[in-house]
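Counting starts at 1 for both ligands and their atoms, in listed order.
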Amino acid sequence: MPPHPPAARVLVVEDEAPLADLVRTYLEHAGLSVRVSTTGPDGLAAAREWAPDVIVLDLGLPGLDGIEVCRAVRTFSDCYVVMLTARSDEVDTLVGLSVGADDYVTKPFRPRELVARVQTLLRRPRQGEREATSADDPPVRVFGDLRIDIAGREVQLDGSSVELTRTEFDLLATLSSRPGLAWSRRRLIDEVWDASWVGDEHLVDVHIAHLRRKLRDDPASPRFVTTVRGVGYRMGKGQPR
Ligand code: CA
């Protein structure tokens, strides 16, 4: 048999067994390698030992809840995390994202929708890979005391390393690719998530808020990421360099 690239690994952490089984069936049907954990501690152990590419993580779990699991996973992995929330309650969503989730799906959801979200994350072009091939783009972008190493996916502020999630890094890489250009939320979603992503564009604001916090950027007087009212965001104040 010709060698196949290994199937992407998806860890499903969900305590409702019928739902977990349904999700597993759909993900496996899409050609993904799937494991299921039904408690927070088991999910965390599987994340450590199996090193999945994506974790589908229920918010309400026995033992450790999804937020605690996500926070713990982020200490050793930058895999993608899709949170499952029980209500379209924004607080759940925001809290989930603040611990480093990349996307969220609200229950009840169609399994196909979840599979599409997972595949979107797995297809997401790595900013570093895409940009590294562009000859006229400097490998390190500098904005004052902020250094963005696109190929190395490293960010330094005032000489110190800044730990960003993949989504935060991709947003920063996208914004900094065209300094001064105003990006709409939808265009940022097209670039960073996927043109097929459907959901609340407020997702962008949440990730920008976390990015700003990590860059110690004051939205009222931004040094790096500026809000463009009625449009979205831009890198820098808009003067050409
Ligand atoms: Ca649950």
Assess whether salt bridge (charged side-chain N to carboxylate O under 4.0 Å, His left out) is satisfied between Arg178 and Glu191, documenting all intermediate values.
CA-CA 13 Å; Arg178 304 279 301 279; Glu191 285 290 318; over 6 Å; no
Please walk me through it: do Met235 and Leu172 pass side-chain contact (heavy atoms from CB on, under 4.5 Å)?
CA-CA 8 Å; Met235 193 76 185; Leu172 183 62; 3.7 Å; yes
Does a sphere of radius 6.0 Å around CZ in Arg185 hold more than 12 heavy atoms from other residues, nucleotides or ligands, not counting ones at 6.0 Å or beyond?
yes
Thinking salt bridges, do Glu16 and Lys107 make one under a 4.0 Å N-O criterion?
yes
Identify whether the distance between the nearest side-chain nitrogen and carboxylate oxygen of Arg74 and Asp102 falls below 4.0 Å.
yes
Within the 3.0 Å cut-off the protein N, O or S neighbours of the Ca ion (ligand 1) are Asp15 OD1, Asp58 OD2, Gly60 O
Which is it for Glu201 and Arg186 under the side-chain contact (heavy atoms from CB on, under 4.5 Å) test, yes or no, and what are the steps along the way?
CA-CA 7 Å; Glu201 294 179 10; Arg186 184 63 238 183; 3.4 Å; yes
